[in-house]
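Worksheet: one structure, shown below.
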Amino acid sequence: MNLTQFPRRNYVQDPTPIEAVPTFSKALGGKINLFIKRDDLLPGCAGGNKTRKLDYCIADALEKGADTIITCGAVQSNHCRLTLAWAVKEGMDCHLVLEERVPGSYKENGSGNHFLFQLMGVKSITVVPGGSDMLGEMEQVSEKVKSTGKKPYIIPGGASNAIGATGYAACALEIQHQLFSQNLSIDHLVVPSGSAGTHAGMVVGMYGSNANIPIAGINVSRKKQVQEEIVHNLAVETAKRLGVREKIPADQITCFDNYVGAGYSLPTDSMIEAVKLLARTESILLDPVYSGKAMAGMIDLVRNDYFSPGTNVMFLHTGGSPALYAYLDTFR
Ligand SMILES: *Cc1c(COP(=O)(O)O)cnc(C)c1O
């Protein structure tokens, strides 16, 4: 893989830290040594994983002459917050289409990410019911924008196409470089698996460089088989874009769906425990929708001896903490 051949804006100038979390590891019984890759500290308003993907997507938009970005997400979308943030930085307009996946969850004066949409001066927000054709809705916004003489570019939900997933193939290489220079080895990597660009990109980066580090994805909405197929398809497409010679085997994708609870964005007891435990042992903030549920999954895997004793496990912290402030009652 030669990632220098792909246009990017260079939003990620320095590697994010790999942090040892011994107090948290001890609180889990001291069976494994946990390390957290702090992608919650990436640049871009309040940080998070979408910055790595947008680095490539927005470069593509600018190369195509766009002056306006349209994207979509759930009502408390971190992806929408970061897309807006980078559009603002680039001097571009940004329009959002928000899917109300949980009926009644959209609040005109909502907190968390929604507050930040308004603070950063979003051009428009279109709220549509759960299950809507999001691409179709974004295309409608695009037509309206075009009629005002602007040049729109649509970024799919989560920036999870082969262009965006390239950012996580780059992250896999960044991790390997850091591990080498720190003389550290890890035996397993745990990542949240949502719109799939993070998981797929990481698999491509690790597999394409023969790193032999197994990756466990923790689902935040879909069933295991459905998610594994989505991740695999995107990984295959991304690997092709990056020139990985061998097709990514389906067995490189492993997802766990037992930590979703009642559904996407709906709190679970194990998520609440995970968020509180990491805050109280390491003062690191997770979020209720993604990293909290992914960490709940990781904790459960540790308790059930999924990882051999004494192994080094890395958890990818994808960010999202602004959403905590839209869930205050859940944690009180
Ligand atoms: C979007 C998001 C994820 C999931 O990443 P995908 O690439 O969509 O699978 C995980 N954590 C946070 C905080 C996110 O915003």
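All values reported here derive from a predicted model rather than from experimental measurement. Worth knowing before you read on, the calculation uses all heavy atoms, side chains too, and leaves out hydrogens, waters and symmetry mates.
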Give a yes or no answer on whether the side chain of [X] reaches the backbone of [Y] with a donor-acceptor pair at less than 3.5 Å.
X    : Y    : answer
K31  : R303 : yes
K293 : V220 : no
T268 : M271 : yes
S291 : T318 : no
N304 : Y306 : no
Q178 : T16  : yes
D257 : K224 : yes
E228 : Q225 : no
D67  : M92  : no
S209 : G205 : yes

Candidates V313, I186, I299 - the one meeting side-chain contact (heavy atoms from CB on, under 4.5 Å) with L34:
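Exactly one option meets the side-chain contact (heavy atoms from CB on, under 4.5 Å) with L34, and it is V313.
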
Within-4.5 Å side-chain heavy-atom neighbours: [X] and [Y]:
X    : Y    : answer
K123 : C94  : no
T71  : H79  : yes
F6   : D60  : no
H114 : S77  : no
S195 : K53  : yes
C171 : D39  : yes
V21  : F35  : no
I175 : I213 : no

If two hydrophobic side chains count as joined below 4.5 Å and joins carry through other members, does [X] share a cluster with [Y]?
X    : Y    : value
F315 : I18  : no
L316 : V275 : no
M295 : V191 : no

Does a donor on one side chain sit under 3.5 Å from an acceptor on the other, for [X] and [Y]?
X    : Y    : answer
T198 : N49  : yes
T23  : T281 : no
Q76  : S265 : no
S193 : Q227 : yes
R222 : N219 : no
T83  : K50  : no
N78  : N113 : yes
D187 : N312 : no

Which distance, rounded to the nearest 0.5 Å, do you find between the [atom1] of [X] and the [atom2] of [Y]?
X    : Y    : atom1 : atom2 : answer
M202 : L173 : CE    : CG    : 10.0 Å
Y325 : D287 : OH    : CG    : 11.5 Å
K89  : I58  : NZ    : CD1   : 12.0 Å
S181 : H177 : OG    : NE2   : 5.5 Å
M134 : T126 : CE    : OG1   : 9.0 Å
S321 : L286 : OG    : CG    : 9.0 Å

Are there over 12 heavy-atom neighbours, none belonging to D269, within less than 6.0 Å of that residue's CG?
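No, not enclosed.
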
What do you reckon, is NZ of K276 surrounded by more than 12 foreign heavy atoms closer than 6.0 Å?
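It does: K276 NZ has more than 12 such atoms within range.
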
Throw together a table of side-chain donor-acceptor distances under 3.5 angstrom for residues 241-255, partners on residues two or more places apart or in other chains.
from, atom 1, to, atom 2, distance (Å)
R241, NH1, T166, OG1, 2.6
E246, OE2, Y207, OH, 2.7

Can you tell me how the ring of F307 sits relative to the ring of H188, calling it parallel under 30°, perpendicular over 60° and tilted otherwise?
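The rings of F307 and H188 stand perpendicular, inter-plane angle above 60°.
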
At their closest point, which heavy atom of [X] faces which heavy atom of [Y], and how far apart are they?
X    : Y    : answer
P267 : T330 : CB-CG2, 3.7 Å
C57  : I155 : CB-CD1, 3.9 Å
I32  : S25  : O-CB, 3.6 Å
L82  : P43  : CD2-O, 4.5 Å
M120 : L84  : CB-CD2, 3.8 Å
K150 : D93  : CE-OD2, 3.3 Å

When you check the gap from the basic side-chain N to the acidic O, do E237 and K240 get nearer than 4.0 Å?
no

Quick one: do V190 and M314 satisfy side chain to side chain contact (heavy atoms under 4.5 Å, CB included)? Show the steps, please.
CA-CA 6 Å; V190 178; M314 178 182 284; over 6 Å; no

Run the numbers on L234 and S160 for side chain to side chain contact (heavy atoms under 4.5 Å, CB included), then give the verdict.
CA-CA 8 Å; L234 182 55; S160 282; 4.2 Å; yes

Check step by step if side chain to side chain contact (heavy atoms under 4.5 Å, CB included) holds for M206 and Q176.
CA-CA 9 Å; M206 290 297 183; Q176 289 175 52; 3.4 Å; yes

May I have the step-by-step check of ring pair (Phe, Tyr, Trp, His ring centres under 6.0 Å) for Y168 and H199, ending in yes or no?
CA-CA 8 Å; Y168 267 91; H199 189 175; over 10 Å; no

Identify, with sequence neighbours excluded, every residue that meets side chain to side chain contact (heavy atoms under 4.5 Å, CB included) alongside R38.
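Applying side chain to side chain contact (heavy atoms under 4.5 Å, CB included) to R38 gives P17, E19, I36, D40, L41, I284, H317.
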
V12 vs E174, test: side chain to side chain contact (heavy atoms under 4.5 Å, CB included). Steps then yes/no.
CA-CA 11 Å; V12 188; E174 175 182 305; 4.2 Å; yes

Pairs involving residues 98-109, ordered by first then second residue, that meet salt bridge (Lys or Arg N to Asp or Glu O under 4.0 Å) (sequence neighbours left out):
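Sorted pair list: E99-R101.
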
Using a 6.0 Å distance limit plus a 45 degree cone around the ring axis, check whether R52 lies over the aromatic ring of Y11.
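That pair does not qualify as a cation-pi contact.
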
